[in-house]
Asks: 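This is the structure I want to talk about, given as structure tokens.
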Protein chains: 2
Amino acid sequence: MNAKKTRNGNRTATRKAAPARAYHHGDLRSALVSAAAALLERDGAEALSFRAVARAANVSQAAPYNHFAGREELLATVAEQGFRALEAAQIAAAERAGTGVSRVISLGMDYIAFAIAHPQLYRLMFGVGVANWCAYPAVAEAKHRAFEPTRAVLADYLGAATPSATREAAAHAGWGLVHGLAMLRLDGSVADRAGSDDLEREAAAIELFAASLGRMGSAP
Amino acid sequence: MNAKKTRNGNRTATRKAAPARAYHHGDLRSALVSAAAALLERDGAEALSFRAVARAANVSQAAPYNHFAGREELLATVAEQGFRALEAAQIAAAERAGTGVSRVISLGMDYIAFAIAHPQLYRLMFGVGVANWCAYPAVAEAKHRAFEPTRAVLADYLGAATPSATREAAAHAGWGLVHGLAMLRLDGSVADRAGSDDLEREAAAIELFAASLGRMGSAP
DNA sequence: ACCTGAACACCGTTCAAGT
DNA sequence: ACCTGAACACCGTTCAAGT
């Protein structure tokens, strides 16, 4: 979390009671990922420099190339980690939530809350700062898994009687909706008044979607 | 459209029958915007260099600073132009469309079609490659105007009897939905099968949203 | 008023060389 | 196997100087 320049975190493999400067550093790879995640949230993906990450980890500018093919692969790793965190948050929200409409709404609002809590990470996860995401299949898979909770909750909400095509469309619409609301929020597109009623407006949009979807499920 | 290195376009102010190299270039500002738009769609916002734009316009690397505060302001200008193009497309789609549900669906599908037709421009318009969009109020205003057609069509679709809070929520949800679907598409998040049924899936999502919204409008 | 050339401090990436 | 130092070609931006 700290972006200090002196002394690095050295999170894992602390078997020797925090050596001041390890010659081979022990676990440079994860130290780089941590440093990148911290710098990302501070400066944004477009301003994140590979050299600055190396400096934050107290190694030379060329050292990271032993662990990553280049800057983009490091960003992809951070994004993949972000999708796993989102997946965990969504699973927790699904367990915490109640039943029926409120369950759907809870999951949607939790999704938006994740984006607001880690804005730069969320932006990175959805393509900001990386040209070709498709080159990293691990990221695509993590992304797909992060959306499973919403898919399951919506299917449960619609009921087993709903045809699978409708369920699929609802899942796609639901993902599109929360993702769109999150992106619009991060852009500041909706901040024309006080920032506090942004959440209300998003809640209203999600409630409207969920309520009208429920009406559709009972009368297809 | 051409990204050749020799000879520039010189689009406007062609009063002297295409002078080979104008000393003061006539209208460098719009030439830079055109060159930037072309390079943007070719390489993406993150790979767009201010120097390359200057080269494409046959001027020195420092010349653009007479017309733009920096790289970001040039990108903001391109984005603003993009929002105006989107607004025009949405207005045209609203006039072209029929009535009722199909009108709503047409507008939504046209929105997604715009994003697919100009993927890098659309990405730029929604924050890719620029740290603080808020610093450019002209962009925010153009963005707001680009969404007016959808807002109007949805309000018309719901009917005057619908309370304004519901109309506002529906407009926000509609924008979020189409924007989210567009972004997911551009990320390649939904391309797990043949690319051709992506449009079908988006249409299904929008139809589901519009149909269930209509049901809500008639029974609030 | 507008443009140029040279300069500064950065950047991503490569590579021989070290341990 | 991992890391360093120096190098290359780029970049955004500034600034004195030209016309």
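Just so you know, these numbers use all the heavy atoms, side chains as well, and skip hydrogens, waters and symmetry mates. Sequence lines set the chain letters: A, B, ... in the order given, protein chains first and strands last, and positions in each chain run from 1.
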Asks: Go through it in stages, so that I can follow the logic: the residues are B/Trp175 and B/Arg151, the test is side-chain contact (heavy atoms from CB on, under 4.5 Å), and I'd like the CA-CA distance, side-chain angles, deciding distance and then a yes or no.
Replies: CA-CA 8 Å; B/Trp175 194 14; B/Arg151 188 185 298 271; 5.7 Å; no
Asks: Toward the 5' end of DNA chain D, which comes first, A/His67 or B/Leu48, by nearest nucleotide?
Replies: A/His67
Asks: From CG of A/Leu39 over to C1' of C/dC11, roughly how many Å is that when rounded to an integer?
Replies: 15 Å
Asks: Roughly, in whole Å, what's the span from CZ in A/Arg51 to P in C/dT14?
Replies: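 Those two atoms, CZ and P, are 13 Å apart.
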Asks: May I ask you to decide if the ring planes of A/Trp133 and A/Tyr136 are parallel, tilted or perpendicular, using 30° and 60° as cut-offs?
Replies: perpendicular
Asks: How is A/Ser49 classified with respect to the nucleic acid when contacts are heavy atoms under 4.0 Å: base, sugar-phosphate, or nothing?
Replies: sugar-phosphate
Asks: Just checking A/His172 against B/Phe209, ring centres under 6.0 Å apart?
Replies: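 No.
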Asks: What nucleotide among D/dG5, C/dC3, D/dT14 has an atom nearest to a side-chain atom of A/Ala62?
Replies: D/dG5
Asks: Under 4.0 Å between any heavy atoms, over every strand shown, what does B/Arg71 touch: base, sugar-phosphate, or nothing? Just pick one.
Replies: sugar-phosphate
Asks: Side-chain N or O of A/Arg29 less than 4.0 angstrom from OP1 or OP2 on D/dC3?
Replies: no
Asks: Do the non-hydrogen side-chain atoms of A/Leu48 and A/Leu124 ever get within less than 4.5 Å of each other?
Replies: no
Asks: In terms of side-chain heavy atoms of A/Leu28, which of D/dC3, D/dC15, C/dC11 is nearest?
Replies: D/dC3
Asks: Rounded to whole angstrom units, what separation is found between the CD atom of B/Gln61 and the C1' atom of C/dA7?
Replies: 10 Å
Asks: Between P on C/dC11 and CZ on A/Phe50, what's the gap in Å once rounded to a whole number?
Replies: 13 Å
Asks: Take the protein atom CG of B/Asn66 and the nucleotide atom P of C/dT4, then report the distance between them rounded to whole Å.
Replies: 9 Å
Asks: For the pair made of CZ in A/Phe68 and C1' in D/dC3, what is the distance, rounded to whole Å?
Replies: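 About 16 Å, once rounded to whole Å.
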Asks: Taking any strand in view, what nucleotide pairs with D/dT13 in a Watson-Crick or G-U wobble way, both distances under 3.5 Å?
Replies: C/dA7
Asks: A/Glu46 CD to C/dC11 C1': how many Å, rounded?
Replies: 16 Å
Asks: Does C/dA1 have a Watson-Crick or wobble mate here (both distances under 3.5 Å), and if so which one?
Replies: D/dT19
Asks: Between B/Gln81 and B/Arg84, is there a side-chain donor-acceptor contact under 3.5 Å, judged purely by atom types and distance?
Replies: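 Checked: B/Arg84/B/Gln81 side chains show no N/O donor-acceptor pair below 3.5 Å.
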Asks: Between C/dG5 atom P and B/Tyr65 atom OH, what is the distance in whole Å?
Replies: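 Between P of C/dG5 and OH of B/Tyr65: 17 Å.
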